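These notes concern the structure reproduced below.
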Amino acid sequence: MSELETFRAEARAWLEENCPAEMRTPAKGDEDVCWGGRNFVFQSDAQKLWLERCVAKGYTVPDWPKAYGGAGLSPQETKVLRQEMAKLGCRSPLNSFGIWMLGPALLKFGTEEQKVHYMGQIARGEIRWCQGYSEPGSGSDLVSMQTFGEDKGDHWVVNGQKIWTSYADKADWIFCLVRTDKTNKYQGISFLLFDMQTPGVTTKPIKLISGNSPFCETFFDNVVVPKHQIVGELNRGWDVAKYLLGHEREMISGMGGDGGVTSIGAAMKAVLSEEPVLRAQMALFDVENLTFRAHGERFMDEWKTGKAHPAYSNLMKYVGTELNKKRNELVMSIGGTQALEWESERSNGGSKARNWLRTKANSIEGGTSEVMLNVVSKRILEMPGA
Amino acid sequence: MSELETFRAEARAWLEENCPAEMRTPAKGDEDVCWGGRNFVFQSDAQKLWLERCVAKGYTVPDWPKAYGGAGLSPQETKVLRQEMAKLGCRSPLNSFGIWMLGPALLKFGTEEQKVHYMGQIARGEIRWCQGYSEPGSGSDLVSMQTFGEDKGDHWVVNGQKIWTSYADKADWIFCLVRTDKTNKYQGISFLLFDMQTPGVTTKPIKLISGNSPFCETFFDNVVVPKHQIVGELNRGWDVAKYLLGHEREMISGMGGDGGVTSIGAAMKAVLSEEPVLRAQMALFDVENLTFRAHGERFMDEWKTGKAHPAYSNLMKYVGTELNKKRNELVMSIGGTQALEWESERSNGGSKARNWLRTKANSIEGGTSEVMLNVVSKRILEMPGA
Amino acid sequence: MAMTLNDDQNMLRESARDFMASEAPVTHFRKFRDMGCKDGFSHGLWKQFAEMGFTGILIPEAEGGMGMGQIEAGIVLEEIGRNLSPSPFLTTSVAAVEALKLADKAMRDRWFPGILAGETVIGIAIEEGVKHRPEKIACVAERSGNGFKLTGHKQFVVQGTSSDMLIVAARTAGAVGETDGLTLFAVDKDAAGLSMEAARLVDSAMAAHVKLEGVQVNADAVIGDVDGGWAVLSKMLDAGRVGAAAEMVGVGTGAMDMTFDYLKTRKQFDRVIGEFQALQHRAAHLYGEMEGARSIVLKAQSLMDEGHAKAELYVAAAKAKAGLACNLAVREGVQMHGGIGMTDEYDIGLYMKRDRGLNEFFGDAYYHADRVATMNGY
Amino acid sequence: MAMTLNDDQNMLRESARDFMASEAPVTHFRKFRDMGCKDGFSHGLWKQFAEMGFTGILIPEAEGGMGMGQIEAGIVLEEIGRNLSPSPFLTTSVAAVEALKLADKAMRDRWFPGILAGETVIGIAIEEGVKHRPEKIACVAERSGNGFKLTGHKQFVVQGTSSDMLIVAARTAGAVGETDGLTLFAVDKDAAGLSMEAARLVDSAMAAHVKLEGVQVNADAVIGDVDGGWAVLSKMLDAGRVGAAAEMVGVGTGAMDMTFDYLKTRKQFDRVIGEFQALQHRAAHLYGEMEGARSIVLKAQSLMDEGHAKAELYVAAAKAKAGLACNLAVREGVQMHGGIGMTDEYDIGLYMKRDRGLNEFFGDAYYHADRVATMNGY
């Protein structure tokens with residue numbers, strides 16, 4: 001048995017012993033997901049136990065180094081662990097922007113103290129993070145941001161406003177882009193971390209067309225941020241942000257594959273068999289969907305071996321999000337009048353319609369499709385012009 | 001009986017008496033069409049007779065004034081005449097760029113002498129005209145043209161090169177844009193007429209991807225053009241050209257409707273019934289085709305009553321040509337392997353494939369789709385920017 | 001007929017435009033939505049519609065209406081669409097009236113006055129599955145006493161629970177899938193055995209699931225001929241379809257105009273985004289699509305008004321094209337608005353939701369494209 | 001399998017790329033086209049293919065070939081596509097070889113040496129109508145003497161009149177529309193009763209209309225099992241399909257690269273046209289489509305090479321996607337080239353013609369999208 005197969009057997013055994021039965025069923029909705037943090041209320045003892053056990057084993061962030069709260073697994077081992085979790089139907093013990101976004105950035109740009117402190121908190125589910133990038137009036141144009149941190153010797157005093165801060169009303173800390181030099185557009189922004197309970201921080205949820213409010217407006221009024229809470233160099237926050245956006249794009253581009261390679265058409269056979277033109281749309285969509293999955297697979301293989309163009313994730317983000325929007329248009333068409341229902345139990349609280357509306361943001365958040373096409377055209381295709 | 005109905009009866013009687021039976025069958029191809037001109041060889045006595053009778057009656061250009069060779073019919077009478085010709089299946093007695101393009105421009109910009117002389121020649125089918133606009137290197141960008149006419153007192157000496165000159169190798173005269181002022185980009189171009197037999201004029205046919213050569217390159221080497229052969233004011237040829245391009249665009253936008261509202265799907269039922277996805281494409285095309293026909297009808301009604309935006313023909317040109325390309329893609333798909341044949345009798349000498357390839361020029365000639373979209377965006381939608 | 005509006009029609013447009021913009025703009029819709037209104041529309045506004053003469057626009061002059069046609073109804077619907085004005089106009093004054101015009105005098109006398117007064121609302125109870133499939137009606141009407149007993153279920157009955165009467169299509173003969181053997185009935189909302197459950201839709205309209213459990217109706221409840229309901233149904237559906245198409249022209253144009261305004265003011269990268277050529281080309285293309293939709297809808301309306309044999313084909317094409325174009329308009333609208341387009345605070349998302357509802361109403365673009373193919377002989 | 005090429009495959013790509021670019025570039029194609037070559041390809045080049053080992057790329061090593069798989073065949077095909085190199089590679093070395101690999105040793109011994117030597121050409125005689133419909137084969141093979149007598153017609157037999165042998169699918173049992181009851185035969189070009197008429201296609205390839213008028217073949221002409229030809233046919237068709245898809249990746253990429261180069265040099269309105277954002281966005285979108293096509297083709301090839309149960313689904317998706325993407329590439333290519341794109345002198349039009357031929361070959365994008373739907377259960 002290879003080392004990897006030994007690991008697989010061990011992981012399997014550990015999961016079977018430690019993952020509570022309740023945690024082997026799919027989460028019923030967002031409220032059923034463990035996000036951790038100071039204010040998180042566990043939905044069940046099983047949810048709490050599952051988190052604690054994973055934290056102890058380093059399995060909330062299996063591929064992070066042990067020193068920072070992980071299990072120090074190799075990429076192959078991490079993949080095997082996920083496969084085994086999927087086979088048993090184990091839920092993710094902890095969802096977190098800290099894991100997906102801040103952690104990788106800290107690993108690359110943070111000091112050793114920052115890694116131990118912040119990544120440890122993330123790994124243990126103690127602190128829930130949010131991201132402060134966009135500002136009103138600077139959607140795709142991030143470098144035009146106005147939020148300003150005035151240098152006061154050992155700290156900055158931050159004033160300004162962010163928008164599209166995911167779950168800012170539920171987060172404990174924020175990683176935030178703040179202008180620290182007004183004279184340099186690109187190299188005048190710093191990447192700061194601070195507590196959302198710092199005096200002067202307020203949040204206001206934004207109601208979306210889906211009826212949900214996953215985002216906030218966030219206001220900073222003379223917020224004091226100690227100097228050691230910077231990640232990376234002063235005025236080079238853009239480097240950190242770009243690195244992190246790349247991660248976000250990969251994450252979002254994965255969305256095209258919500259339904260994986262399994263066609264949604266089969267389940268809809270009864271409707272499609274009487275709707276020849278709609279069936280044709282579905283057929284052409286399935287061709288695109290199979291294509292995107294293969295494309296994603298190829299991209300990941302090239303990315304891992306360093307063969308992918310550094311801007312290629314922008315292409316995947318574009319293709320994946322446009323595909324996901326198309327998928328949801330088809331889900332609505334096939335769902336017909338029942339998919340129009342917004343509140344009824346029959347429609348699971350309007351889940352199809354709300355998901356459909358939610359996907360319209362895919363091609364806006366994390367870089368619009370237009371910006372992605374600009375980047376592909378200029379950086380990969382090397383088209384001329386500014 | 002209304003005056004119009006009286007006219008209808010008279011026209012019908014005249015056609016029945018004067019249109020030879022042979023000229024009541026569809027033309028078999030381009031070679032079977034009467035283009036007139038010095039070198040034209042009539043394909044039959046009937047063709048010659050039909051032209052002569054129409055010339056005598058003013059019916060080659062029924063809506064032109066009698067003084068310039070027409071019959072002086074009103075728009076309503078012209079429409080009735082065409083309806084009656086269609087009912088009897090009468091061929092057009094004379095095809096000509098002179099009728100379609102130069103004539104209307106002369107009517108608006110020409111002197112009385114020019115109208116009597118040139119329009120008369122056109123009406124009688126004596127002179128075949130071609131159009132000299134595009135130059136190598138200035139496709140969509142007409143004002144960058146280089147062909148230069150040097151002022152020599154009572155004449156210009158023209159040097160330069162034109163491209164995409166339709167049937168230049170068969171034409172007797174050319175209407176041609178020539179730069180007469182190098183200091184003014186827009187108002188430095190004049191609209192000149194000259195004989196293709198003038199010393200220094202040479203032509204070279206361009207072979208197209210369809211295998212045919214309807215266009216030429218045309219070269220001018222010290223070509224002498226008398227001053228009285230200008231249409232409109234000196235250096236204001238652009239006004240004439242734009243007026244004329246509008247006419248051309250209307251003509252080309254009509255192409256979307258080659259097949260009219262009759263679906264090409266019905267004839268292809270046997271193929272489509274076994275090809276559900278292709279059938280769906282055809283169905284969606286038919287929706288677009290019916291739409292375009294209605295759109296064209298509405299445009300013409302608004303145009304006639306002065307309600308259409310002056311730039312609207314650009315929109316119609318864009319929609320109509322893209323639609324015609326799509327139609328021919330479908331014709332090829334439905335035609336399958338037989339439509340691929342290029343020379344065989346079975347495929348009528350590859351007519352489907354050659355037509356399909358020919359339509360690819362629709363969205364290039366007479367203003368590219370990209371230029372049309374620019375114009376619509378700026379002039380109709382009033383989008384900002386240069 | 002010329003494909004331009006005449007002076008009377010232009011006047012009607014002006015007055016409908018002014019009326020909707022002042023009495024029922026998007027803020028009106030928001031108000032009723034946010035209060036969770038059980039009807040999904042304002043009865044007060046419906047009365048105002050009546051005062052304007054809109055409710056009886058298709059009712060013959062001899063019976064107190066304006067005696068106009070689909071073009072005029074469409075003029076009102078376009079303004080409704082542009083302002084997202086919630087009302088029973090499309091179901092009651094367009095679809096139901098077209099059906100009732102084929103009913104006998106007693107039935108017309110019973111319902112037209114209330115419609116004219118803006119007091120009556122009529123629900124259209126056709127759909128039985130999640131997709132439009134009128135020929136597959138399975139709801140049964142058995143002969144019973146002096147009339148019929150109706151058994152079955154219906155869904156997507158827009159404004160059903162606010163309705164005074166439902167027009168119910170049921171099978172009196174023939175098998176599911178046949179167009180012969182259908183009959184249309186006017187069923188009173190209080191009829192014994194009739195029960196409804198309202199569901200709010202994505203666009204905040206209310207639609208009912210209807211159960212018919214042995215609902216007894218008299219013979220005089222039949223609209224048109226027994227077993228010959230397909231003729232009435234087709235007329236009613238085509239009026240509803242071309243009406244929904246006209247409303248979508250309004251929704252799409254409203255979304256498009258709002259978006260073009262935004263392109264002209266929003267700045268990114270130090271430029272007004274309307275300067276970006278990629279957006280300009282998409283804007284111009286969208287404009288062409290909406291103009292095409294407007295044209296085919298006008299064509300379909302005028303053919304219906306003429307009673308032309310090709311009207312059905314053009315109505316199908318119009319419903320399909322308006323659906324495709326309006327859908328493009330709202331998708332481009334949200335995308336070009338960017339982040340704020342996703343917020344409930346901005347109106348563009350409301351247009352996206354309304355488009356979805358109208359696209360499904362009486363058959364979506366794919367359904368009608370398929371009908372175009374069938375009618376075109378393949 | 002990782003979705004990247006390994007070192008050996010990269011080496012093969014280099015050598016195929018160099019070979020096609022130097023020995024069979026577009027000028028080579030033009031030369032044979034302009035001479036009106038009756039074969040539509042150069043026998044000399046076919047010999048050179050053999051010298052490179054390409055002709056036997058799928059023939060097992062034990063039988064003198066390279067023993068490689070669809071990925072490797074696809075690498076060669078992509079370069080063929082990029083250069084429009086005319087050759088019998090796809091029909092003979094890919095489709096026919098895949099069929100012959102399922103034949104008995106005598107048959108393989110008869111045909112593999114000639115293929116390996118670049119001397120033999122094999123035609124695939126499947127199609128009977130204008131669209132690909134393999135299950136509808138009506139050509140009949142009746143038992144006769146020691147073998148069979150074939151009667152029927154075939155069309156779109158690419159390089160048919162240049163072929164030494166035709167692989168003919170005929171019905172030995174069952175009814176038209178059934179997949180059971182088909183049998184594949186190796187029919188010698190000189191067989192009595194076999195006649196062919198060559199037709200030049202839009203892309204200058206030659207294809208034959210074939211008549212089989214009681215063509216007598218021996219029992220040993222059967223490839224695979226009598227009545228069980230569907231298995232052989234499916235394998236042959238899928239190899240041909242994924243091969244055509246790979247060639248289209250080459251055609252589309254070639255057209256795209258040529259177009260992108262043009263965008264970077266052509267000036268209009270005092271600017272290089274590649275600066276125009278509308279063209280940039282279309283270019284980036286096209287690039288994404290071609291990259292997607294490349295990915296699904298590679299996936300389909302590797303699943304075929306693994307003998308994976310899902311290979312058939314992915315081959316259908318790959319043929320469809322490569323067809324759609326390549327078609328977009330040539331349409332955008334001609335349009336972005338403007339007027340000169342319409343001239344025979346420029347190469348982009350040749351890519352458009354080749355795309356058309358390959359799109360039809362063994363089923364177009366719509367046919368395969370329909371199969372994807374069917375295989376996906378709807």
Side-chain angles (χ1 to χ4, degrees), chain A residues 261-273 275 279-305 307-308 312 314-316 318-320 322-323 334 369-370 372-386, chain D residues 1-5 10 256-257 260 263-265 271-289 291-300 302-303 310 313-314 316-325 365-378:
Chain A
V261 290
T262 308
S263 168
I264 54 175
M268 308 292 188
K269 188 184 164 83
V271 168
L272 293 175
S273 66
E275 297 274 349
R279 175 182 173 277
Q281 307 304 308
M282 188 71 223
L284 291 166
F285 174 83
D286 271 355
V287 170
E288 300 302 333
N289 189 43
L290 288 167
T291 296
F292 180 71
R293 300 298 297 187
H295 197 175
E297 213 182 307
R298 178 174 148 244
F299 166 54
M300 290 313 295
D301 286 346
E302 294 196 344
W303 189 263
K304 279 184 293 192
T305 52
K307 283 179 201 147
Y312 206 93
N314 294 275
L315 177 66
M316 297 310 290
Y318 164 70
V319 178
E322 294 295 334
L323 187 71
I334 297 172
S369 282
E370 291 76 16
M372 298 299 105
L373 290 170
N374 284 341
V375 172
V376 170
S377 152
K378 289 188 182 139
R379 292 190 52 205
I380 302 182
L381 309 185
E382 298 176 343
M383 287 294 155
Chain D
M1 209 223 62
M3 287 277 282
T4 52
L5 298 188
N10 276 316
M256 178 174 78
D257 290 348
F260 290 174
L263 291 181
K264 290 174 191 173
T265 51
R271 289 165 67 187
V272 176
I273 60 175
E275 288 181 40
F276 288 103
Q277 196 200 28
L279 296 186
Q280 290 185 340
H281 279 200
R282 279 159 57 187
H285 175 76
L286 169 59
Y287 174 72
E289 293 294 289
E291 285 285 290
R294 176 180 299 284
S295 306
I296 185 81
V297 170
L298 182 57
K299 181 79 185 176
S302 60
L303 292 178
K310 289 270 182 188
L313 172 69
Y314 277 83
K319 181 69 167 68
K321 180 64 193 180
L324 294 168
Y366 305 126
Y367 172 83
H368 286 291
D370 182 57
R371 288 182 73 228
V372 166
T374 306
M375 285 189 264
N376 273 340
Y378 60 91

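Bear in mind the structure is a predicted one, so any value in this text is a computation, not a measurement. Reminder, nothing fancy here: chain letters follow the sequence lines and each chain counts from 1.
Contact of Ser273(A) with chain D is not made at all, since no heavy-atom distance falls under 4.5 Å. Both the backbone and the side chain of Leu381(A) have a heavy atom closer than 4.5 Å to some heavy atom of chain D. Contact of Ala316(D) with chain A is not made at all, since no heavy-atom distance falls under 4.5 Å. Heavy atoms closer than 4.5 Å to chain A are found nowhere in Leu303(D), neither backbone nor side chain.
Here the shortest heavy-atom pairing between Met3(D) and Arg298(A) reads O-CG, 3.3 Å. Shortest non-hydrogen contact noted between Ala317(D) and Leu290(A) is CB-CD1, 3.7 Å. Contact between Ala294(A) and Lys299(D) at its shortest, heavy atoms only, is CB-CB, 3.8 Å. Scanning both residues, Pro384(A) and Val272(D), for their nearest heavy atoms gives CG-CG1, 3.8 Å. Between Ala284(D) and Val376(A), the shortest heavy-atom contact is CB-CG1, 3.8 Å. Closest approach of Ala283(A) to Ala373(D), counting heavy atoms only: CB-CB, 3.8 Å.
Contact of the Leu324(D) side chain with the Leu284(A) side chain is registered, since non-hydrogen atoms from C-beta on lie closer than 4.5 Å. Between Val319(A) and His285(D), every side-chain heavy-atom pair lies at or beyond the 4.5 Å cut-off.
Not counting sequence neighbours, the partners of Asp370(D) by the side chain to side chain donor-acceptor pair (under 3.5 Å) test are Arg279(A). Among residues two or more places apart in sequence or in another chain, the side chain to side chain donor-acceptor pair (under 3.5 Å) test is passed with Tyr378(D) by Asp286(A).
Note: Tyr287(D) OH to Ile380(A) CD1 = 5.0 Å, rounded to the nearest 0.5 Å. Taken to the nearest 0.5 Å, the OG atom of Ser377(A) stands 8.5 Å off from the CZ atom of Phe260(D). To the nearest 0.5 Å, atom CD of residue Glu297(A) and atom CD1 of residue Ile296(D) are 9.5 Å apart. Atom NZ of Lys264(D) is separated from atom CE of Met383(A) by 5.0 Å, given to the nearest 0.5 angstrom. The line from CD of Glu288(A) to CD of Glu289(D) is 5.5 Å long, rounded to the nearest 0.5 Å.
Here the side chain of Gln280(D) pairs no donor or acceptor atom with the backbone of Val375(A) at under 3.5 angstrom. Of the possible donor and acceptor atoms, none in the side chain of Asp301(A) sits under 3.5 Å from a partner among the backbone N and O of Ala2(D).
Ranked by heavy-atom pairs shorter than 4.5 Å toward chain A, the options Arg271(D), Arg294(D), Glu291(D), Lys321(D) are led by Glu291(D).
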